[in-house]
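Working notes, structure below.
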Amino acid sequence: MQDLFTGKPTRLRGRSLPGPAERAALQDDHERRLEALARLGTAAAECGLRADSDRDLVLLAEDEVSLLETTGGEWAALGVAIRTFRGLLPLRTLDDFGFPADAENPLEEASGRLQRIGGGVEAWAFVSGEDGSVYKFYLPREEKHIGSEFHFKTGEETQILAEAGLGDYRGLLQKLLLIHALGGMATEVVAVTPEGILVAKQVLGEPLTQGEDMSLRLPAGLIEIPSRFLRANRDHPRLFFLSDRPFLVADLHARNFVEGSDHGLHVIDLVAAPWPSEVVDREPLVADWLQRVRVNPQANALPSGSDDEL
């Protein structure tokens, strides 16, 4: 099946949920895209190209270094890295999605193929009138940034403070992987535009009642974090291990969940970041707890005794 806008193969259509094999393939796509971006950054650095942000890497054209590739070595490797990444995240223009290319703010103009259904600071969401799929357009923020992710610092009353702030493209791609790994609504990354707008496609679901308490309905695999160890300025901060790597995920309120065609609950958005090892290394109690919950998610905050002591 082909995506209506990019012509590329797609596993998503309307409200239809992909099966286990398709979900595994989607997760593999997310992981390979992140790996390709990391290799691209390494290859660029080996050629002496220091990007101000990963936006510069994400927008490289396939033929960006075609003349220099003929010299071989690092430049040839960079050309391969660019094309590999472009194969996993193609460049497309907004008019490919039905928006007028000559408009000052194309997303604010009517599209004959997409109807806006919501959005906020990070992204605008639209639904396709042709197949019912959701397309999210993640907007660049302050030129070089996109999305949101947590930034960490040492606290006083609590050992780690996590504050949501501006993110980057790697952080956004990582978030979309985490949504998928948590059993969230199936998501594909379909394109990025020359303006730096990243386009993701998601299965359509039914929104929940706003303000609904989600504390007892969160996805499996999330581990509650003792407030003495970490506090975040987003709802329901939790620890999550993905391939044995710890992440902080939060912002798990009702607006970020939908009900799927299987009548199950699926997360569609969150704020996340890799667990801050550089901060944790200075906090022995937190480091010890992290190692114990890796093996036993129900482990107490303290090696022995009751968490009431915290």
Is any NZ, NE, NH1 or NH2 atom of the basic residue among [X] and [Y] found under 4.0 Å from an Asp or Glu carboxylate oxygen of the other?
{"X": "Asp54", "Y": "Lys144", "value": "no"}
{"X": "Glu149", "Y": "Lys175", "value": "no"}
{"X": "Lys153", "Y": "Glu163", "value": "yes"}
{"X": "Glu212", "Y": "Arg255", "value": "no"}

Without swapping roles, check the side chain of [X] against the backbone of [Y] for a donor-acceptor pair under 3.5 Å.
{"X": "Gln291", "Y": "Asp288", "answer": "no"}
{"X": "Ser128", "Y": "Asp131", "answer": "yes"}
{"X": "Arg92", "Y": "Thr6", "answer": "yes"}
{"X": "Arg292", "Y": "Asn300", "answer": "yes"}
{"X": "Asp168", "Y": "Gly171", "answer": "yes"}
{"X": "Arg86", "Y": "Leu89", "answer": "yes"}
{"X": "Ser16", "Y": "Leu12", "answer": "no"}
{"X": "His266", "Y": "Gly183", "answer": "yes"}
{"X": "His145", "Y": "Gly167", "answer": "yes"}
{"X": "Arg113", "Y": "Phe97", "answer": "no"}

Decide whether [X] and [Y] meet the rule of one side-chain donor and one side-chain acceptor closer than 3.5 Å.
{"X": "Ser148", "Y": "Arg141", "result": "yes"}
{"X": "Thr154", "Y": "Arg282", "result": "yes"}
{"X": "Ser133", "Y": "Gln202", "result": "no"}
{"X": "Lys201", "Y": "Thr187", "result": "no"}

Problem set entry | Near-ring test Tyr135/Phe5, centroid separation under 6.0 angstrom |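 Under 6.0 Å, so yes.
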
For this session: Assess the pair Phe229 and Trp289: is the distance between their ring centroids shorter than 6.0 Å?
Result: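 When the ring centroids of Phe229 and Trp289 are compared, they turn out to be within the sub-6.0 Å range.
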
Going from [atom1] on [X] to [atom2] on [Y], what distance comes out if it is rounded to the nearest 0.5 angstrom?
{"X": "Arg170", "Y": "Arg33", "atom1": "CZ", "atom2": "CZ", "value": "12.5 Å"}
{"X": "Phe126", "Y": "Leu107", "atom1": "CZ", "atom2": "CG", "value": "5.0 Å"}
{"X": "Leu34", "Y": "Leu172", "atom1": "CG", "atom2": "CG", "value": "9.5 Å"}
{"X": "Leu252", "Y": "Leu222", "atom1": "CG", "atom2": "CG", "value": "6.5 Å"}
{"X": "Arg39", "Y": "Phe85", "atom1": "CZ", "atom2": "CZ", "value": "11.0 Å"}

Search all heavy atoms of [X] against all heavy atoms of [Y] and return the closest pair with its distance.
{"X": "Phe152", "Y": "Ile160", "result": "CD2-CG2, 3.8 Å"}
{"X": "Pro140", "Y": "Ile197", "result": "CD-CG1, 3.8 Å"}
{"X": "Asp244", "Y": "Arg294", "result": "O-NH1, 2.6 Å"}
{"X": "Glu74", "Y": "Glu46", "result": "CG-O, 3.9 Å"}
{"X": "Leu177", "Y": "Gln27", "result": "CD1-CG, 3.8 Å"}

Exercise. Quick check: are there more than 12 heavy atoms from other residues, nucleotides or ligands sitting under 6.0 Å from CD of Glu195?
Worked result: yes

Exercise. Is the number of heavy atoms from other residues, nucleotides or ligands under 6.0 Å of Glu104 CD greater than 12?
Worked result: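 Open: at most 12 neighbouring heavy atoms sit under 6.0 Å from CD of Glu104.
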
Check: [Y] and [X] side chains under 4.5 Å, non-hydrogen atoms:
{"X": "Val271", "Y": "Val249", "value": "no"}
{"X": "Arg15", "Y": "Glu206", "value": "yes"}
{"X": "Glu142", "Y": "Leu166", "value": "yes"}
{"X": "Leu290", "Y": "Phe241", "value": "yes"}
{"X": "Thr193", "Y": "Leu94", "value": "yes"}
{"X": "Leu40", "Y": "Leu78", "value": "yes"}

For this session: State which residue, out of Asp29, Leu26, Leu242, fulfils the side chain to side chain contact (heavy atoms under 4.5 Å, CB included) condition with His180.
Result: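 When Asp29, Leu26, Leu242 are each tested with His180, the side chain to side chain contact (heavy atoms under 4.5 Å, CB included) holds only for Leu26.
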
Exercise. Between Arg13 and Glu130, does a salt bridge (Lys or Arg N to Asp or Glu O under 4.0 Å) hold up when you go through it step by step?
Worked result: CA-CA 10 Å; Arg13 185 177 180 85; Glu130 296 168 70; over 6 Å; no

Problem set entry | Within 45° cone of Trp124 ring axis and under 6.0 Å: Arg116 NZ or CZ | yes

For this session: Kindly assign one of parallel, tilted or perpendicular to the pair Phe99 and Phe137, based on the angle between their ring planes and the thresholds 30° and 60°.
Result: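 The arrangement is perpendicular - the two ring planes meet at more than 60°.
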
Problem set entry | Worked check of side chain to side chain donor-acceptor pair (under 3.5 Å) between Thr10 and Gln2 | CA-CA 5 Å; Thr10 180; Gln2 287 186 323; over 6 Å; no

